[in-house]
Amino acid sequence: SAVISQKPSRDICQRGTSLTIQCQVDSQVTMMFWYRQQPGQSLTLIATANQGSEATYESGFVIDKFPISRPNLTFSTLTVSNMSPEDSSIYLCSVERLATDEQFFGPGTRLTVL
Amino acid sequence: LAKTTQPISMDSYEGQEVNITCSHNNIATNDYITWYQQFPSQGPRFIIQGYKTKVTNEVASLFIPADRKSSTLSLPRVSLSDTAVYYCLVGDRSGGYNKLIFGAGTRLAVHP
């Protein structure tokens, strides 16, 4: 299995500011994924990050709002830009273990925007 | 993308077997069926994956009929700690990697 950590675990931010969430994996992985889970809801895939290339965004999510970096095989960041209260959510990263299609999820970052 | 449909919620009691059925009528030939479990304030956790027939591990069993248009997750002898949300997913590897699209999930409540 993969051990995934996220920083920060939670934050309270003001409207109009930006927050960068870090995701660290204890082993090298090819694909990393970023999800959003709003209170009481299911997970929604934001984007897929492959090392060395631009992230691929899902419908409804754009790079200007959610820029992603993937500088190496164990690390990625997601920035939530120009935040509004609607961005209040839990943001989770996950990684895929090859050959099994199994994904491992981080503990999530709980973001509250005032 | 294959869409999944599963019951919104289920109730059970300790020691009972729980079966959660998921329908995925548009599943593609190369798609696998995967189930995840999520506890409050935690990320989802992989439970089991299968392609057809029956798969069993130390946690659960997965039954998939020949037409693969549905699947059933079976949890034997549940305990209070099995109270969680269970997601049925059908993977999409069209982009060269497994893109998981989560449905609403089934909220399982296990009672004493």
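All of these numbers come straight from a predicted model, not from anything done at the bench. All heavy atoms count here, side chains included; hydrogens, waters and symmetry mates do not. Chain naming here is simple, since letters A, B, ... match the order of the sequence lines and numbering starts at 1 in each.
Within the 4.5 angstrom heavy-atom criterion, only side-chain atoms of B:R107, from C-beta onward, approach chain A. For a residue to count as touching a neighbouring chain, one of its non-hydrogen atoms must lie under 4.5 Å from one of that chain's; by this rule A:L43 touches chain B with backbone and side chain alike. For A:F104, no part sits under 4.5 Å from any heavy atom of chain B, backbone or side chain. For A:Q37, the part lying near chain B is the side chain, with the backbone staying farther off; criterion is any non-hydrogen pair under 4.5 Å.
Checked against the 6.0 Å centroid criterion, the rings of B:F102 and A:Y35 qualify as a close aromatic pair. The aromatic ring centres of B:Y51 and B:Y32 sit less than 6.0 Å apart.
Once rounded to the nearest 0.5 Å, the distance linking OG1 of B:T72 with CD1 of B:I64 reads 9.5 Å.
Heavy-atom pairs under 4.5 Å with chain B were tallied for A:L92, A:T48, A:I4; the largest tally goes to A:T48. No other option in B:A104, B:P44, B:G43, B:G105 has as many heavy-atom pairs under 4.5 Å with chain A as B:P44.
Remark: the backbone N or O of A:Q24 is not paired with any side-chain donor or acceptor of A:T74 at under 3.5 angstrom. The closest donor-acceptor contact from the side chain of B:Q37 to the backbone of B:A84 lies at 3.5 Å or more, if one exists at all.
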